[in-house]
Amino acid sequence: MMKKLRKAVFPVAGMGTRFLPATKVIPKEVLTLVDRPLIQYAIDEARAAGIDEFIFVTARGKSALEDYFDRAPELESSLRDKGKNDLLEALKASEMPSGAIAYVRQQEALGLGHAVWCARRLIGDEPFVVMLPDDVIAAEKPCLQQMVEAYDEKPGNYVAVMGVPRELTKQYGVFDLDPWDGDRARAKGMVEKPEPEDAPSNYAAIGRYILQPSVMDELRKFKKGAGGEIQLTDAIADRITAGDPVYGYRFAGRRFDCGSKVGYLQATVAFGLARDDLRDDFAAYLAEYMGFMNAAE
Ligand code: UTP
């Protein structure tokens with residue numbers, strides 16, 4: 001019997017150096033797109049895919065993230081007294097049932113693979129999801145839900161992939177894939193950060209994974225990869241070599257790399273324009289601003 005996917009790991013223990021000095025005091029995951037922290041988008045996507053256990057791998061200096069999912073009784077009663085029901089409703093999105101969230105610490109930032117391994121006891125012998133909240137995906141049907149549907153049809157390990165321009169392959173883990181079967185293609189291999197001429201394809205892994213517990217067995221070997229870090233993609237590549245089914249899944253949607261400054265700014269514009277309450281004013285401002293920039297050139 002295939003076990004149902006219930007648990008998701010959110011590795012959020014990285015130092016977020018690309019957003020210094022802000023990340024000296026603000027965890028990257030609570031930076032906002034419009035008025036919601038990045039982590040809220042990831043949690044909503046996980047919930048939509050049927051996940052009901054959330055495991056955060058955190059580090060020192062991330063207490064704002066833990067507080068975000070706690071109740072705020074004074075704030076709630078003040079909003080209630082003032083009859084601000086719309087704001088009370090907005091607060092509800094950040095509420096979690098007692099016991100639904102667990103936090104484990106990664107004492108040292110030894111890499112994404114190591115962060116996932118830190119959750120091993122909470123995962124046990126079950127398949128699990130890994131979500132990187134830096135990767136924000138705007139999609140009609142949430143990306144993880146698309147992947148879970150593919151997984152329910154054909155179990156295995158799944159990694160979300162997207163086509164990237166050849167010259168960018170060295171920023172990603174890149175798959176060598178069999179021909180596409182719908183939106184799923186079985187992986188023959190994977191290369192971490194290849195030069196464009198060495199890349200087996202232009203399909204890059206992004207931050208959504210469905211993994212079998214055997215991936216934990218690879219991670220516990222503590223093999224160091226690119227950048228001297230314990231890489232999740234190396235563990236997945238080793239499972240491909242071992243003969244496990246690993247699929248690249250090309251999702252429908254637009255991914256924003258909110259771990260980079262440009263990606264974060266792009267997402268801010270896209271999510272701002274997607275909001276009914278902001279679109280008109282914001283679009284008018286952008287048009288005016290672009291006109292001003294063009295005139296200045
Ligand atoms: P990144 O490569 O984006 O690193 O990690 P980072 O530390 O967050 O950011 P920069 O590069 O210094 O700006 C990808 C994901 O893996 C997590 C991060 O929190 C992020 O969600 N991660 C990375 C860990 O949890 N632990 C690690 O040791 C490394």
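Note that ligands are numbered from 1 as they come in the structure, with each ligand's atoms numbered from 1 the same way.
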Nearest non-hydrogen protein atom to atom 7 (O) of ligand 1, with distance, is Met15 N, 2.8 Å

Apply the side-chain contact (heavy atoms from CB on, under 4.5 Å) test between Met162 and each candidate in Arg250, Arg255, Arg254; give the one that qualifies.
-> Arg255

How far is atom 13 (O) of ligand 1 from its nearest protein heavy atom, and which residue and atom is that?
-> Arg18 N, 2.8 Å

Less than 6.0 Å separating the ring centroids of Phe69 and Phe54?
-> no

Donor on one side chain, acceptor on other, Glu229 and His114, under 3.5 Å | no

Quick check: does Glu108 get an N/O under 3.5 Å from an N/O on ligand 1?
-> no

Taking the inter-plane angle between the rings of Tyr285 and Phe282 on a 0 to 90° scale, is it parallel (under 30°), tilted (30 to 60°) or perpendicular (over 60°)?
-> parallel

Flag yes if Ile55 and Leu5 sit in one hydrophobic cluster, no otherwise; membership is Ile, Leu, Val, Met, Phe, Trp, Tyr, and two members link when side-chain heavy atoms are under 4.5 Å apart.
-> no

Ring center gap for Tyr203 and Trp180 short of 6.0 angstrom = yes

Ligand 1 N/O within reach of Leu112 N/O, cut-off under 3.5 Å = no

Can you check whether a protein heavy atom sits less than 4.0 angstrom from atom 5 (O) of ligand 1?
-> no

Is the NZ or CZ atom of Arg184 both under 6.0 Å from the centre of the six-membered ring of Tyr158 and within 45° of that ring's axis?
-> no

Could you find the nearest protein heavy atom to atom 25 (O) of ligand 1 and give me its residue, atom name and distance?
-> Ala13 N, 2.9 Å

Identify, by atom number and element, the atoms of ligand 1 in contact range of Ala109, meaning under 4.0 Å from any of its heavy atoms.
-> 28 (O)

Contact (N/O only, under 3.5 Å) between Gly259 and ligand 1 = no

If you measure from each non-hydrogen atom of Thr17 to ligand 1, which part falls under 4.0 Å: side chain, backbone, both or neither?
-> both

Check Val57 against ligand 1 and report side chain, backbone, both or neither, counting heavy atoms closer than 4.0 Å.
-> neither

Ligand 1-proximal atoms of Glu229, by part, heavy-atom distance under 4.0 Å | neither

With a cut-off of 4.0 Å, which atoms of ligand 1 are near a heavy atom of Lys28?
-> 3 (O), 6 (P), 8 (O), 9 (O)

Give yes if a backbone or side-chain nitrogen or oxygen of Gly14 is under 3.5 Å from a nitrogen or oxygen of ligand 1, and no if not.
-> yes

Under 4.0 Å from ligand 1, counting heavy atoms only, is it the side chain of Gln106, its backbone, both or neither?
-> side chain

Heavy-atom side-chain contact between Asp198 and Val191 under 4.5 Å | no

Would you say the ring centroid of Tyr249 lies under 6.0 angstrom from that of Tyr151?
-> no

Side chain, backbone, both or neither: which part of Pro11 has a heavy atom under 4.0 Å from ligand 1?
-> both

Indicate yes or no: does an N/O atom of Leu132 lie under 3.5 Å from an N/O atom of ligand 1?
-> no

Any atoms of ligand 1 less than 4.0 Å from a non-hydrogen atom of Gly111? List them with their elements.
-> 26 (N), 27 (C), 28 (O), 29 (C)

Judged by modelled atom types alone, do Thr169 and Asn202 share a side-chain donor-acceptor pair under 3.5 Å?
-> no

For ligand 1, which atoms have a heavy atom of Ala115 less than 4.0 angstrom away?
-> 24 (C), 25 (O), 26 (N)

Looking only at distance, does Leu110 have an N or O less than 3.5 Å from an N or O of ligand 1?
-> yes

So, Asp176 side chain and Gly189 main chain: donor-acceptor pair closer than 3.5 Å or not?
-> no

Here the atoms of ligand 1 under 4.0 Å from any heavy atom belonging to Asp134 are 3 (O), 21 (O)

Determine whether Tyr209 and Val104 fall in the same hydrophobic cluster, where Ile, Leu, Val, Met, Phe, Trp and Tyr are linked whenever their side-chain heavy atoms lie under 4.5 Å apart.
-> yes

